[in-house]
Amino acid sequence: MQQKITQYTSEITNFQSKNAEELESFRIRFLGTKGIIKDLFEAFKTVSAEEKRVLGKVLNEFKQMAEAKYQALKESLESVEKSENSELDLTLPGEGFELGARHPLSLVRKEIIEIFKKLGFNVAEGPEIEDDWHNFSALNFPEEHPARDMQDTFFIKKGGEKGDIALRTHTSSVQVRMMEAGKPPFRAIMPGRVYRNEAISARAHCFFHQVEGLYIDENVSFADLKQTLFHFVQELFGEGTKVRFRPSYFPFTEPSAEMDISCSICKGVGCQFCKYSGWVEILGCGMVDPNVLENCNIDSKKFTGYAFGMGIERITNLKYQIKDLRLFSENDIRFLKQFQSEMI
Ligand code: DAH
């Protein structure tokens, strides 16, 4: 028995449990009701009284040693479990996943694009750095004509082969690029950023965004233009929004007009935004001047067309009642967070 105890003692000393199952089988093997220690105590009953004196102590010490080992392993296993749990508590609520919000100008641009796409318009883009030809000359702005002063231009380079290089002052330059590059019919809208040398204030900015529209085909009339824009306004601002066209002047259209809509803020009653007129101007438009068509190698006897250009900021102001243009470019998270957080 003495020998067995020595053997078991070294087995217990060397024992290491990796998990609760291993520890449990250790407990059953040594400390269980049918375990080794129980058996040893049974056997102890049968030994001589003399042997009992020596063995009794050895056996008790062995039992205590086995129990202590079990207790120590159990505690270390529990503390490992605890520390693991404190790092990863699966019962805690998940961490919030915040979606960014779409910029209001992007939301409105998307809406505008979608309405025109349904009418069969393509979407095109052009460069923000333009030459004089595409931004002015091809669009029938005569050289040294005061019409060029309508738009305060940021010039990058004066003179040169292609004339002045500048930041485009309007998206009408993309019309020219489109007509030069293809053959009619054209039916497209051209969204983009434009630049003007203006002091920044609540009502003006040195850059803003426009959407240009162009439709060139045989027999396109001013009635087509009116109908298209009327439909556009009903879609964007809601059924019942009124429109009116006022004669205007642009070098690249003849006749030219500006289009007003009934003020979407006061519904035409009169408010600060519409300067108590009940109307707000949202775009310029007209029939493409034959000179512009000829500049782009399009037969102006065969083809006619209309064009229009609107400012996205202005429309966004109306839709969301934003009074200060600067908010669009200041990246103030408190402002931006208020818009739709949709992943599109
Ligand atoms: N380009 C003009 C502007 O920036 C807007 C405009 C007016 C565009 C009439 C057009 C148009 O295409 O036909 O103010």
Side-chain angles (χ1 to χ4, degrees), residues 1-111 113-114 123 125 191 193 209 316 320 322 326-344:
M1 183 180 290
Q2 179 82 55
Q3 210 181 336
K4 267 191 187 167
I5 291 174
T6 318
Q7 205 182 312
Y8 289 139
T9 303
S10 78
E11 188 184 327
I12 291 173
T13 315
N14 294 330
F15 177 76
Q16 287 302 331
S17 65
K18 281 190 225 79
N19 52 43
E21 285 92 76
E22 278 184 18
L23 184 62
E24 181 60 5
S25 44
F26 171 86
R27 190 191 63 78
I28 294 166
R29 179 164 150 76
F30 289 101
L31 303 164
T33 44
K34 289 183 186 132
I36 286 166
I37 291 172
K38 185 88 181 163
D39 286 349
L40 287 172
F41 273 96
E42 284 302 316
F44 178 74
K45 286 178 191 162
T46 62
V47 300
S48 68
E50 203 177 311
E51 269 181 311
K52 264 188 187 149
R53 242 189 295 130
V54 191
L55 267 181
K57 193 168 170 262
V58 174
L59 195 54
N60 270 325
E61 275 172 7
F62 173 66
K63 187 183 172 207
Q64 278 164 16
M65 179 264 191
E67 281 170 351
K69 174 82 182 192
Y70 172 71
Q71 207 53 41
L73 286 176
K74 194 173 155 205
E75 274 164 25
S76 86
L77 211 65
E78 277 168 1
S79 81
V80 167
E81 265 171 30
K82 234 192 227 165
S83 73
E84 275 175 358
N85 284 353
S86 70
E87 272 168 37
L88 183 73
D89 183 351
L90 296 174
T91 64
L92 286 174
E95 271 179 35
F97 179 72
E98 261 195 74
L99 278 184
R102 284 243 152 200
H103 194 285
L105 294 177
S106 305
L107 288 173
V108 171
R109 182 188 52 204
K110 181 173 168 273
E111 242 184 291
I113 289 174
E114 242 137 58
V123 181
E125 282 183 6
R193 182 177 285 180
H209 301 80
T316 312
Y320 292 104
I322 298 160
R326 291 168 292 196
L327 283 167
F328 292 130
S329 51
E330 277 172 352
N331 288 334
D332 185 332
I333 208 88
R334 294 166 303 178
F335 169 72
L336 296 172
K337 254 185 7 199
Q338 298 173 46
F339 300 88
Q340 199 182 343
S341 62
E342 188 191 341
M343 299 299 273
I344 325 161

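These figures come from a predicted structure and were not determined experimentally.
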Evaluate the salt bridge (Lys or Arg N to Asp or Glu O under 4.0 Å) criterion for residues K45 and E42: first the C-alpha distance (whole Å), next the side-chain angles of each, then the deciding distance (0.1 Å), finally the verdict.
CA-CA 6 Å; K45 286 178 191 162; E42 284 302 316; 3.3 Å; yes
Pair T13-M65, side chain to side chain contact (heavy atoms under 4.5 Å, CB included): steps then yes or no:
CA-CA 9 Å; T13 315; M65 179 264 191; 3.3 Å; yes
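A heavy-atom distance below 4.5 Å is not found between the side chains of I5 and E61. Between L327 and P104 the shortest side-chain heavy-atom distance does not fall below 4.5 Å. Between Q71 and E67, every side-chain heavy-atom pair lies at or beyond the 4.5 Å cut-off. Looking only at side-chain heavy atoms (C-beta outward), N19 and L23 stay at 4.5 Å or farther from each other. Within the 4.5 Å cutoff, no side-chain heavy atoms of Y8 are placed close to those of I37.
Relative ring orientation between F335 and F328 is described as perpendicular, the plane-to-plane angle rising above 60° on a 0-90° scale split at 30° and 60°. Ring geometry for F44 against F41 counts as perpendicular: the plane angle is over 60°, on a 0 to 90° scale with 30° as the lower cut.
At most 12 heavy atoms of other shown residues, nucleotides or ligands fall within 6.0 angstrom of atom CD in Q3. Atom CD of E24 has more than 12 neighbouring heavy atoms from other residues, nucleotides or ligands inside a 6.0 Å radius. Annotation for K63: atom NZ does not count as buried by contact number, only 12 or fewer foreign heavy atoms lying within 6.0 Å.
Not a single donor-acceptor pair under 3.5 Å links the side chain of S106 to the backbone N or O of R102. Distance alone, capped at 3.5 Å, places no donor-acceptor pair between the K69 side chain and the N14 backbone. In this structure a side-chain-to-backbone donor-acceptor pair under 3.5 Å is present from Q338 to R334.
Across all their heavy atoms, S76 and S79 have their closest contact at O-OG, 3.2 Å. Taking both residues in full, the closest heavy atoms of K38 and G32 are given as CB-O, 4.0 Å, listed atom of the first, atom of the second, then distance.
One finds a salt bridge joining K18 and E22 here, because a Lys/Arg side-chain nitrogen approaches an Asp/Glu carboxylate oxygen to under 4.0 Å.
The distance between the ring centers of F30 and Y70 does not fall below 6.0 angstrom.
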